[in-house]
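See structure below.
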Amino acid sequence: MEKFWIRSYPPGVPAEIDYTRYRSLVHLMEESFARHAQRDAYVCMGKSITYADVDRMSRQLGAWLQAQGLQPGARVALMMPNVLQYPVAIAAVLRAGFVVVNVNPLYTPRELEHQLKDSGAEAIVILENFAHTLEKVVGHTQVKVAVVASMGDLLGGPKGALVNFVVRNVKKMVPAFSLPRAIRFKRALAEGAGQQLQEVSLGHDDIAFLQYTGGTTGLSKGAMLSHRNVIANLMQNEAWLQPAMDKPPKVEALTFVCALPLYHIFALTVCCLMGTRLGGLNILIPNPRDIPGLVKELAKYRFNMLPAVNTLYNALLNHPDFAKLDFSSLKLCNGGGMAVQKAVNDRWRSVTGKSIVEGYGLSETSPVATANPADATEFSGTIGLPIPSTDIAILDDAGQLLPVGQVGEIAIRGPQVMEGYWQKPEETARVMTADGFFRSGDIGVMDERGYVTIVDRKKDMVLVSGFNVYPNEVEGVVAAHPGVLECAVVGVPDPATGEAVKLFVVRRDPSLTAEQLTEYCQQQLTGYKRPKLIEFRNELPKSNVGKILRRELRDAKAAAPA
């Protein structure tokens, strides 16, 4: 197919990238560790570590993991917020020849058990704040190695001890847990220091990450991201960002604001791994919901890169002290995960002087597939152009290519497209075409310049602050409540999160209350998946074959509440 969109590329951006210069992500990482050894790599809660520190500690932890008898390709789960141990653990797992399984630390026991069992993870590195969740399910999984980290582990002597004391005893953020065979993070590092990291032969086809996603259905599955996939997306992003990087003032070492969680593909690639590639500094924000704390942290730095989702941009704008920050060094604000609203972009530009550059991607595409030009000064309202080495096709229901200007399903082909879903060949076959396109499930249109606009979602997915919520999963949990006869979930507009989860319920038990259901959902579902609104009905609208019609429930004129 003709890549006519290349004519819309900014000067200097190549049509193709060469990912073959690196054998593996480990090759790329180790080159950066050596080249930028003395530079600060990460800072968290005022404590910074250099690339030499990451090199040393990841070597130690990797050697320790190898010594536990894990075989090459073993899956290792990481369950932490944005703390210094996280990037160290990512590098350690990859250097040891294992596969990273990123886990949302706020998962409920049910959600954690599914992911650990499905991935077959044999080891986990977890922050102690969430170890009580692991305790409840570890016996039902293959996990035999657990490393437990503490908030203060890498913050240095007195400060680390103080942080641990406050977290455990003042804020009461560490519920009691019992994991008798677990080892503490610092002890694993100490033992690993006396062991040799065995070099592992890794290639482009080896799996680097199992990135869990609902895909186009509600069943959480692991997108297999190979070393090729992630290297390619890093090289694509680097090429795409160059026009913005070349603009004065020249910055030797970029400073990234990493407020998005590292377990999410957006921050993993665009902050952690891109920072490593470029020898930049990542400011790790453990709790981005604490907007006053985030603004206070940002005041300490002259930051250059601020990737975020629309809701975070909006929340920052609504904090009275945000506009007082120094934006003179800000080069790029990437928007992804959900649609950037024009009103938010316009306010952002008036405060910071920069437009939000919107892009698009999925876990299955490592993630970036399209983006607006990095040096764009105007808000386009589109998700941009296919990035280098990427083809975008708009397909009809039969999988046939539609002409420019016609609406259909967005399909993506390129070296960043996943190898498939972990141990789910049928699911993989459902989303991959014979000629290598990944069918995204999003409905869009491409104009004559190559710019793509999303117009609808094929799936019934709800997008809460950039996180995918699949009605099937929430409905499955709610339907298991003995007081529920049937239920349905839809997304409704929400000024704070873009969309919110609304639950419709037909009661089996007439005495069932919304408060009881809310408490039940709190035990079964992580925060962003929980219904924000609950409405009881006498019946739900159905098709002639009995399928609940979610679209009718989105209509405000649908049958009145019970």
Side-chain angles (χ1 to χ4, degrees), residues 39-48 81-84 151 155 159 163 166 171 241 244-245 247-262 266-267 270-271 274-275 278 280-359 372 374-379 465-466 494-498:
R39 284 189 189 175
D40 285 342
Y42 299 93
V43 61
C44 185
M45 300 168 71
K47 169 65 176 178
S48 59
N82 291 4
V83 290
L84 294 172
M151 285 293 287
L155 300 181
K159 181 173 185 175
V163 166
V166 170
K171 295 189 177 180
L241 300 182
M245 298 303 102
K247 282 188 173 181
K250 182 71 176 170
V251 176
E252 190 60 39
L254 293 168
T255 297
F256 295 73
V257 177
C258 188
L260 298 172
L262 285 171
F266 190 4
V270 177
C271 295
M274 180 61 73
L278 300 177
L281 170 66
N282 263 287
I283 307 166
L284 297 180
I285 308 295
N287 180 17
R289 289 189 182 88
D290 175 12
I291 298 298
L294 172 54
V295 172
K296 193 175 172 183
E297 193 68 14
L298 293 182
K300 302 173 187 174
Y301 304 95
R302 297 185 66 180
F303 49 90
N304 314 116
M305 310 279 283
L306 204 168
V309 293
N310 185 81
T311 47
L312 181 55
Y313 286 127
N314 194 37
L316 286 169
L317 287 168
N318 288 324
H319 190 277
D321 293 336
F322 179 69
K324 301 173 188 172
L325 299 179
D326 178 2
F327 301 109
S328 61
S329 299
L330 187 58
K331 283 187 166 287
L332 190 64
C333 304
N334 313 79
M338 63 189 296
V340 175
Q341 296 165 340
K342 186 178 188 303
V344 171
N345 175 77
D346 292 349
R347 280 185 67 201
W348 186 265
R349 189 177 173 189
S350 70
V351 171
T352 69
K354 294 289 181 186
S355 267
I356 300 169
V357 176
E358 189 170 1
N372 279 276
D375 59 353
T377 55
E378 298 298 321
F379 183 69
S465 295
D494 184 279
T497 56

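Sequence positions, counted from 1, serve as the residue numbers for this chain.
Using a distance-only test at 3.5 Å, with no hydrogens or angles considered, no donor-acceptor pair links the side chain of Asn282 to the main chain of Tyr42. A donor-acceptor contact shorter than 3.5 Å is absent between the side chain of Asn304 and the backbone of Leu332. Between the side chain of Asn372 and the backbone N or O of Val357, no donor-acceptor pair lies under 3.5 Å. A donor-acceptor contact shorter than 3.5 Å links the side chain of Asn310 to the backbone of Gln341. Panel note: side chain Arg39, backbone Ala253; no donor-acceptor pair is recorded below 3.5 Å.
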Kindly determine whether Met151 and Val166 satisfy side chain to side chain contact (heavy atoms under 4.5 Å, CB included), including the steps that lead there. CA-CA 10 Å; Met151 285 293 287; Val166 170; over 6 Å; no

Run the numbers on Thr255 and Arg302 for side-chain hydrogen bond (donor to acceptor under 3.5 Å, both in side chains), then give the verdict. CA-CA 7 Å; Thr255 297; Arg302 297 185 66 180; over 6 Å; no

Using the side chain to side chain contact (heavy atoms under 4.5 Å, CB included) rule, take His319 and Leu325 through it: C-alpha gap first, then chi angles, then the decisive distance, then the call. CA-CA 11 Å; His319 190 277; Leu325 299 179; over 6 Å; no

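Taking every heavy atom of both residues into account, Asn334 and Ile356 meet most closely at C-CG2, 4.3 Å. Shortest non-hydrogen contact noted between Tyr301 and Val43 is OH-CG2, 3.3 Å. The minimum heavy-atom distance linking Asn314 with Pro495 is given by the pair ND2-O, 3.9 Å. Considering every non-hydrogen atom in both Val257 and Cys271, the closest pair reads O-SG, 3.9 Å. The two residues Leu316 and Val295 make their nearest non-hydrogen contact at CD2-CG2, 3.9 Å. The two residues Cys44 and Leu155 make their nearest non-hydrogen contact at O-CD2, 3.6 Å.
For the atom pair CG (Leu298) and CZ (Phe303), the distance works out to 5.0 Å, reported to the nearest 0.5 Å. Here the CH2-CG distance, from Trp348 to Leu330, works out to 7.0 Å after rounding to the nearest 0.5 Å. How far CD1 of Ile291 is from CG of Leu312: 5.5 Å, rounded to the nearest 0.5 Å. Atom NZ of Lys331 sits about 7.0 Å away from atom NZ of Lys354, to the nearest 0.5 Å. The line from CG of Asn287 to CD of Glu297 is 12.0 Å long, rounded to the nearest 0.5 Å. Here Met45 contributes atom CE and Asn82 contributes atom CG; the two are 12.5 Å apart, rounded to the nearest 0.5 Å.
Within 6.0 Å of atom NZ in Lys171, 12 or fewer heavy atoms from other residues, nucleotides or ligands are found, so the atom counts as exposed in its surroundings.
One finds a salt bridge joining Glu378 and Arg349 here, because a Lys/Arg side-chain nitrogen approaches an Asp/Glu carboxylate oxygen to under 4.0 Å.
Contact check for Leu241 versus Met305: side-chain heavy atoms found under the 4.5 Å cut-off. Counting heavy atoms from C-beta outward, Asn345 and Ser355 have side chains that approach closer than 4.5 Å. By the 4.5 Å heavy-atom criterion applied to side chains, Phe327 and Val351 are counted as neighbours.
Contacts of Asp40 classified as side chain to side chain contact (heavy atoms under 4.5 Å, CB included), with partners at least two apart in sequence or in another chain: Ser48, Thr50, Leu281.
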